[in-house]
Amino acid sequence: MGSKIKNWGPGLLLISPSLLLMAVFVYGFIAISFRESVTDKHTAAQATGRADVNLVGFENYAELLASESFQHSLRNFFVFTAVFLLGTLLIGFSWAWVMERPMAGEGIFRSVYLFPMAVSFVASGVVWKWLLNSNEGERASGLNRLFQMLGLDFLQNQWWTHPSYGILAIALPAVWQLSGYVMALFLAGFRGIPEELREAGRVDGATELQLYRFVIFPQLSPVALSALVIIGHMSLKSFDLIMSIANQSTYSTKVPAIDMYNYATVYDYANSAAVGIILLALVAVAVVPYLWYDARSRKEGS
């Protein structure tokens, strides 16, 4: 027992401040949020302690999930996530594939593709709000004006103000901003593949297409999984981008994060906390399988 304490003690003491902070400010706040979500704290009087607060169990969750408005928010969230994931993965992978071999001016291309990632979602949202202006005809601006000048008037549309598919327009700046990051991940994956594997494939008579299909691409599966989890997680943090382009009252671009903000602004802390717990559950669905897969891979590797 004494030897175990001697071995584990110094390391445990070293990380104990971080563990304590995480226990309080992460898991502690999650517990507080969950407790708020199972109460009837829906009014300012209850929020300020002038009215009683009672436990109602999972009633708030049931009402939220049955609400047509919240179902619309969830639908927007899944559509946004799907377009965001597919767009960033396809564009990022394509750029990485093109630059897989050293080429002239590679540093410039890399810098140009990575630059959008350095811009905040708020700053890019302000620019994209102008680009995605829904005005048409003489009042057109942004992309609609560009299409008009090119004689492509049929491409003009309502963008983020479209009542059914406005969230797709919000996904465009998100894809533009994060594709360079995914490119960097895949490019690191390409460069990390030993040249000996390529040479062995060529010696065995594999064509370049077969080499990529059976040797190189399978080696990139961990990178693709990491990119999938990271981008999927970031899709939950689309609050600032949506607020910069649209606003919290725009129904067509409403997602659960916007609902959480709207509930909090009217002192409906119970529903706001319930939305937050639902988002946490969605994150867990995406992240926990990845952590399990990663732990299993490490165990098998050792």
Side-chain angles (χ1 to χ4, degrees), residues 76-133 142-143 146-147 155 159-160 165-195 198 212-213 216-246 253 255 257 282-283 286-287 290 293-294:
N76 277 350
F77 165 73
F78 288 119
V79 170
F80 176 86
T81 300
V83 175
F84 190 21
L85 283 173
L86 290 175
T88 51
L89 288 175
L90 288 175
I91 295 175
F93 177 79
S94 300
W95 285 346
W97 194 1
V98 169
M99 294 195 297
E100 187 233 336
R101 292 294 184 181
M103 55 185 290
E106 177 187 332
I108 297 175
F109 286 116
R110 244 194 347 253
S111 300
V112 170
Y113 293 149
L114 283 172
F115 174 76
M117 185 185 168
V119 181
S120 71
F121 276 128
V122 174
S124 65
V126 171
V127 176
W128 279 92
K129 182 175 184 177
W130 176 80
L131 287 173
L132 301 177
N133 191 291
L143 292 179
L146 177 63
F147 293 147
L155 291 178
W159 300 110
W160 57 268
Y165 303 105
I167 195 65
L168 294 177
I170 302 292
L172 291 178
V175 171
W176 168 81
Q177 195 151 3
L178 270 299
S179 293
Y181 174 68
V182 175
M183 176 207 70
L185 291 178
F186 277 113
L187 191 58
F190 274 119
R191 299 284 170 83
I193 298 174
E195 188 64 30
R198 302 171 187 264
Y212 276 101
R213 181 180 177 185
I216 297 176
F217 289 165
Q219 298 290 321
L220 296 175
S221 57
V223 178
L225 182 59
S226 298
L228 192 68
V229 171
I230 293 170
I231 299 302
H233 173 260
M234 293 189 73
S235 69
L236 288 171
K237 300 162 64 176
S238 57
F239 173 82
D240 46 358
L241 180 64
I242 294 175
M243 288 288 285
S244 299
I245 296 177
T253 58
V255 294
L282 292 174
V283 172
V287 174
Y290 168 74
Y293 171 82
D294 184 62

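These numbers come from the heavy atoms of this one structure, side chains and all, not from hydrogens, waters or symmetry mates.
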Exercise. Are Ile91 and Met183 side-chain neighbours, meaning at least one heavy-atom pair lies under 4.5 Å?
Worked result: no
Exercise. Taking it one step at a time, do Leu143 and Trp159 satisfy side-chain contact (heavy atoms from CB on, under 4.5 Å)?
Worked result: CA-CA 10 Å; Leu143 292 179; Trp159 300 110; 3.9 Å; yes
For this session: Enter the distance from Phe147:CZ to Leu155:CG here, rounded to the nearest 0.5 Å.
Result: 5.0 Å
Problem set entry | Arg191 CZ to Met99 CE distance, which is reported to the nearest 0.5 Å | 7.5 Å
Exercise. Minimum heavy-atom separation for Val175 to Thr88, with atom names?
Worked result: CA-CG2, 3.8 Å
Exercise. Do Tyr165 and Asn76 come close enough that some side-chain heavy atom pair is under 4.5 Å?
Worked result: no
Problem set entry | Any side-chain heavy-atom pair of Ile230 and Tyr181 under 4.5 Å | yes
Exercise. What residue among Leu178, Val229, Thr81 forms side chain to side chain contact (heavy atoms under 4.5 Å, CB included) with Met234?
Worked result: Leu178
Seminar exercise, completed: Between Trp95 and Gly180, the two heavy atoms sitting closest are CZ3-N, 4.0 Å
Exercise. Of the non-hydrogen atoms in Ser244 and Gly125, which two are nearest, and what is the gap between them?
Worked result: CB-CA, 3.8 Å
Exercise. For Val283, what residues pass the side-chain contact (heavy atoms from CB on, under 4.5 Å) criterion, not counting sequence neighbours?
Worked result: His233, Leu236, Val287
Exercise. For the residue pair Phe84 and Ser235, what are the closest heavy atoms and their distance?
Worked result: CD2-CB, 3.6 Å
For this session: Any chance you could measure Ser124, atom OG, to Leu131, atom CG, to the nearest 0.5 Å?
Result: 10.5 Å
For this session: With the side chain counted from C-beta on, respond yes when Trp176 and Trp128 share a heavy-atom pair under 4.5 Å apart, and no when they do not.
Result: yes
Exercise. Looking only at heavy atoms, what is the nearest atom pair of Leu168 and Val83, with distance?
Worked result: CD2-CG2, 3.4 Å
Exercise. When you measure from the side chain of Gln177 to the backbone N and O of Pro116, does any donor-acceptor pair fall under 3.5 Å?
Worked result: yes
Seminar exercise, completed: Between Leu85 and Leu228 the two heavy atoms that sit nearest each other are CD2-O, 3.6 Å
Exercise. Got a sec, which residues hit ring pair (Phe, Tyr, Trp, His ring centres under 6.0 Å) with Phe217, two or more places apart in sequence or on another chain?
Worked result: Phe93, Trp97, Tyr212
Problem set entry | Pairing residues for Ala123 by the side-chain contact (heavy atoms from CB on, under 4.5 Å) criterion, not counting sequence neighbours | Val119, Ser120
Problem set entry | Test side-chain contact (heavy atoms from CB on, under 4.5 Å) applied to Asn133 and Trp160, step by step | CA-CA 8 Å; Asn133 191 291; Trp160 57 268; over 6 Å; no
Exercise. So do the side chains of Leu220 and Ile193 get within less than 4.5 Å of each other, counting heavy atoms only?
Worked result: yes
